[in-house]
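For reference, positions follow the sequence shown, starting with 1. Nothing here was measured: the structure is a model prediction, and the numbers come from that model.
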Amino acid sequence: MNIRKASIAAVGATALTAGLVAVPSAFADAGSGHAESGGGAEARGVTAAAARAAKEGVDWKDCPKDWGLEQPVQCGFVTVPVDYADPGGQKIKIAVDRAKSTGGKKDRQGSLIYNPGGPGGSGLSFPTRITRDNPLWTKTARAYDFVGFDPRGVGHSSPISCMDPQEFVKAPKADPVPDDEADKTAQRKLAKEYADGCKERSGGLLPHMTTPNTARDLDVIRAALGDKKLNYLGVSYGTYIGSVYSTLFPTHVRRMIVDSVVNPSREQIWYKNNLDQDVAFQTRWEDWTKWVAEHDDTYGLGDSAAKVQKQWEKLRAEAKKKPFGGVVGPAELLAFFQNAPYYDQMWAEVAKAWSSYVKGDEKALVDAAGPDMSDKAGNKASENGNAVYTAVECNDAKWPSAWDRWDRDSTRLHKKYPFLTWSNTWLNLPCGTWPEKQREPVEVGADKGLPPVLIAQSERDAATPYRGALEVHKRLKGSRLITERDAGSHGITNVRNPCINKRIDAYLVDGTVDGKDVTCGPHAKPVPQIVSGLTGPEAKANSARLGAPR
């Protein structure tokens with residue numbers, strides 16, 4: 001579910017509402033709850049680690065300058081075992097940060113911990129929603145300290161690696177859509193080398209990079225913060241962390257929101273989830289091409305979705321023949337253009353870069369889609385994020401080991417859903433030759449001791465298809481589902497839609513949920529951005545400065 005971030009969109013919405021009900025007071029009040037359900041060595045390890053963390057707390061200090069987090073955000077670390085079955089063994093430190101609640105002592109309800117997705121995403125920017133006075137979070141900020149963290153293996157929490165970061169970002173890469181068997185063989189070789197590189201470069205932490213261990217880390221962080229129960233917001237892959245946490249620690253949950261939901265079924269994690277992504281991305285891509293066509297007077301890319309699609313195919317062909325600026329081939333184009341199916345907040349930005357190219361400004365597209373080889377810190381973060389994504393998904397579940405299965409499924413899906421299919425295949429193929437033990441996924445579900453969990457999901461989400469929200473809703477008894485109809489943005493709790501926003505506030509601040517599931521209208525569609533292209537000698541000079549392809 002390799003998820004990217006985007007900006008907030010503006011808007012209005014309609015709703016089909018039901019009456020509000022309060023979260024039972026037994027769940028609103030702090031309580032010790034029970035340790036990880038099921039017992040066993042890991043459960044005892046979590047209990048021991050959490051007790052130690054509660055005693056030690058967090059030594060909050062100004063954040064290191066190179067973290068890019070300014071006062072009043074504070075940073076610290078929480079110590080966790082590498083292996084919860086051996087809590088006295090090797091340990092790592094999990095980086096955490098916070099911005100204190102803006103309300104008075106009577107307003108404060110504890111900490112709200114956030115995970116943005118990935119696997120491999122950092123949550124350290126979350127506290128800036130307070131410091132930058134994000135209006136969507138003003139009421140919640142009065143009640144909670146906003147807490148972010150780098151999950152194990154990410155960023156400042158003992159980062160893992162699978163290859164040299166500068167090699168990782170080199171471009172152009174091979175076209176992800178294979179022309180023949182030789183192309184497939186080459187990609188299979190790269191995937192095997194990448195999997196082996198993870199083993200060589202990530203050492204003893206690699207086999208312990210799992211979602212259950214991240215959920216256990218989350219419980220230790222909760223204890224270190226001094227919270228008897230967890231308040232949590234998880235987006236995208238962060239919803240799977242939340243689902244697993246709810247299963248392992250149902251009585252430790254106070255408030256939990258899962259937004260844009262991963263289907264947690266054992267049969268889905270993770271191979272089939274990625275196949276479903278291929279279908280959903282095609283659907284959302286077609287939503288975007290239709291929108292671009294509706295604004296042909298602005299973009300000039302075709303006055304029908306079919307014409308826009310032909311322009312896309314033409315662009316890919318041009319990039320394959322001669323990469324733009326020497327660095328933007330079909331793979332780089334796809335990495336940039338898939339932002340549009342992810343977030344409709346990115347619709348105008350992606351269309352603008354494309355239209356600028358068509359109107360003579362190739363540099364605009366190269367700047368948007370090309371790598372920045374000089375940004376060593378950013379490239380290191382990109383490689384680290386991909387390494388964590390691979391390690392967690394490969395460790396969490398059993399993947400097909402036979403190439404015939406991958407090839408057959410990808411070939412079949414590509415015929416009808418060509419936008420993402422082969423690219424997604426190559427991203428995940430290291431799991432087919434993974435050098436570590438692959439586990440049975442957690443059987444997600446809780447019907448006792450768990451307070452109402454709030455689920456938020458758009459109907460046409462590409463990265464986490466809608467069926468995932470329905471599956472979690474079924475498995476977490478007493479949960480409530482907010483559906484944003486006729487919409488497909490990923491991560492809707494941070495999008496301006498009053499129908500959704502007021503329910504997030506009511507749940508987090510007052511502990512109330514609707515008596516029934518709710519359907520909200522869509523937030524406003526993006527506004528097209530005017531493009532002024534380059535023409536004549538200016539355009540030619542601009543292209544000439546970009547240099548020859550490698």
Side-chain angles (χ1 to χ4, degrees), residues 2 162-201 270-272 274-275 277-279 281-282 285 309-338 365-366 369-371 373 379 382-383 386-387 389-391 393-394 399-435 438 547-550:
N2 215 0
C162 293
M163 67 183 295
D164 179 80
Q166 293 301 96
E167 288 295 318
F168 178 76
V169 299
K170 274 188 177 178
K173 294 179 171 60
D175 185 347
V177 179
D179 288 330
D180 50 32
E181 290 301 317
D183 286 347
K184 293 178 183 179
T185 299
Q187 291 281 12
R188 291 174 62 190
K189 182 174 183 291
L190 290 173
K192 175 68 165 61
E193 290 173 351
Y194 187 81
D196 291 343
C198 293
K199 177 79 170 179
E200 294 168 6
R201 296 173 67 94
W270 283 104
Y271 182 74
K272 288 185 178 179
N274 280 283
L275 298 183
Q277 252 191 358
D278 298 339
V279 176
F281 260 93
Q282 189 69 39
W285 168 258
Q309 176 65 26
K310 285 186 178 181
Q311 282 276 25
W312 164 245
E313 293 166 3
K314 178 183 176 184
L315 185 72
R316 287 188 83 264
E318 290 174 352
K320 185 170 184 174
K321 184 177 181 180
K322 184 178 181 181
F324 307 132
V327 294
V328 177
E332 290 71 32
L333 282 179
L334 181 60
F336 173 61
F337 274 74
Q338 73 184 51
L365 186 57
V366 174
M373 295 297 293
N379 295 337
S382 295
E383 191 279 325
N386 199 80
Y389 168 87
T390 306
E393 291 210 359
C394 294
W399 289 71
S401 58
W403 164 244
D404 286 352
R405 170 79 181 277
W406 294 77
D407 192 20
R408 182 174 65 252
D409 288 341
S410 300
T411 300
R412 170 179 55 85
L413 285 171
H414 177 75
K415 290 178 181 178
K416 289 184 66 176
Y417 313 104
F419 177 73
L420 191 69
T421 295
W422 278 112
S423 177
N424 215 8
T425 298
W426 307 131
L427 174 67
N428 294 290
L429 189 58
C431 296
T433 56
W434 192 239
Q438 295 181 328
R550 292 190 293 122

Enquirer: Can you tell me how far NZ of K320 sits from CG of L333, rounded to the nearest 0.5 angstrom?
Expert: 12.5 Å

Enquirer: Taking the side chain as every heavy atom from C-beta outward, state whether T425 and L413 have any pair of such atoms under 4.5 Å apart.
Expert: no

Enquirer: State the CH2-CG distance between W422 and L429, to the nearest 0.5 angstrom.
Expert: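 Taking CH2 in W422 and CG in L429, the distance rounds to 9.5 Å.
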
Enquirer: If you take all heavy atoms of P172 and P323, which pair is closest and at what distance?
Expert: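 Answer, listing the atom of P172 first, then P323: CG-CG, 3.8 Å.
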
Enquirer: Output yes when a side-chain donor or acceptor of Q187 lies under 3.5 Å from a complementary backbone atom of P176, and no otherwise.
Expert: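 No.
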
Enquirer: Indicate the atoms forming the closest heavy-atom contact of P165 with N379, along with that distance.
Expert: CB-O, 3.8 Å

Enquirer: Applying side chain to side chain donor-acceptor pair (under 3.5 Å), can you list everything that pairs with D196, at least two apart in sequence or on another chain?
Expert: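 Counting only residues at least two positions away or on another chain, D196 forms a side chain to side chain donor-acceptor pair (under 3.5 Å) with K192.
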
Enquirer: Would you please name every residue forming a salt bridge (charged side-chain N to carboxylate O under 4.0 Å, His left out) with K189, sequence neighbours left out?
Expert: E193

Enquirer: Would you compute the distance between atom CG of N274 and atom CG of N428 and round it to the nearest 0.5 angstrom?
Expert: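 Reported to 0.5 Å precision, the distance equals 4.0 Å.
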
Enquirer: With the threshold set at 4.0 Å, does a side-chain nitrogen-carboxylate oxygen contact exist between K310 and E313?
Expert: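 Here K310 does not pair with E313 in a salt bridge, since their nearest N and O are not under 4.0 Å apart.
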
Enquirer: What closest approach, in Å, do P178 and W426 show between heavy atoms, and which atom pair accounts for it?
Expert: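 Heavy-atom minimum between the residues: CG-CZ2, 4.3 Å.
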
Enquirer: Any idea how Y194 and F168 line up, ring-wise: parallel (<30°), tilted (30 to 60°), or perpendicular (>60°)?
Expert: tilted

Enquirer: Taking all non-hydrogen atoms of both residues, which atom of D179 and which atom of D183 are closest, and how far apart?
Expert: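 Looking at all heavy atoms of both residues, the closest pair is N-OD2, 2.8 Å.
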
Enquirer: Mind running side-chain contact (heavy atoms from CB on, under 4.5 Å) on F324 and E332 for me, showing each step along the way?
Expert: CA-CA 10 Å; F324 307 132; E332 290 71 32; over 6 Å; no

Enquirer: Distance from L275 atom CG to N424 atom CG, nearest 0.5 Å?
Expert: 8.0 Å

Enquirer: Restricting to non-hydrogen atoms, name the atom on T390 and the atom on P430 that form the minimum distance, rounded to 0.1 Å.
Expert: CG2-CB, 4.0 Å

Enquirer: Going by the rule side chain to side chain donor-acceptor pair (under 3.5 Å), which residues pair with K173 if we only count those two or more places apart in sequence or in a different chain?
Expert: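 Listed in chain order: nothing, the list is empty.
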
Enquirer: Students often mix this up, so state it plainly: with edges at 30° and 60°, are the rings of Y271 and W406 parallel, tilted or perpendicular?
Expert: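 The rings of Y271 and W406 stand perpendicular, inter-plane angle above 60°.
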
Enquirer: Could you tell me whether E181 and K184 have a side-chain N and a carboxylate O separated by less than 4.0 Å?
Expert: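 K184 and E181: salt-bridged.
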
Enquirer: Quick one: salt bridge (charged side-chain N to carboxylate O under 4.0 Å, His left out) partners of R412, sequence neighbours excluded?
Expert: D409

Enquirer: CH2 of W312 to CH2 of W285: how many Å apart, nearest 0.5 Å?
Expert: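 Separation between the atoms: 5.0 Å.
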
Enquirer: Taking E383 for its side chain and M163 for its backbone only, find out whether a donor-acceptor pair lies under 3.5 Å.
Expert: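 Checked: pair present.
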
Enquirer: Drop me the distance from C162's SG to Y389's OH, to the nearest 0.5 angstrom.
Expert: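 Reported to 0.5 Å precision, the distance equals 12.5 Å.
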
Enquirer: Which residues satisfy the side chain to side chain donor-acceptor pair (under 3.5 Å) test with Q438, sequence neighbours excluded?
Expert: none

Enquirer: Sequence neighbours left out, cut at 3.5 Å: what donor-acceptor pairs do the side chains of residues 414-421 make with other protein atoms?
Expert:
unit_1	atom_1	unit_2	atom_2	d
T421	OG1	Y417	O	2.6

Enquirer: Step by step, work out the side-chain contact (heavy atoms from CB on, under 4.5 Å) result for W434 and C198.
Expert: CA-CA 9 Å; W434 192 239; C198 293; 3.7 Å; yes

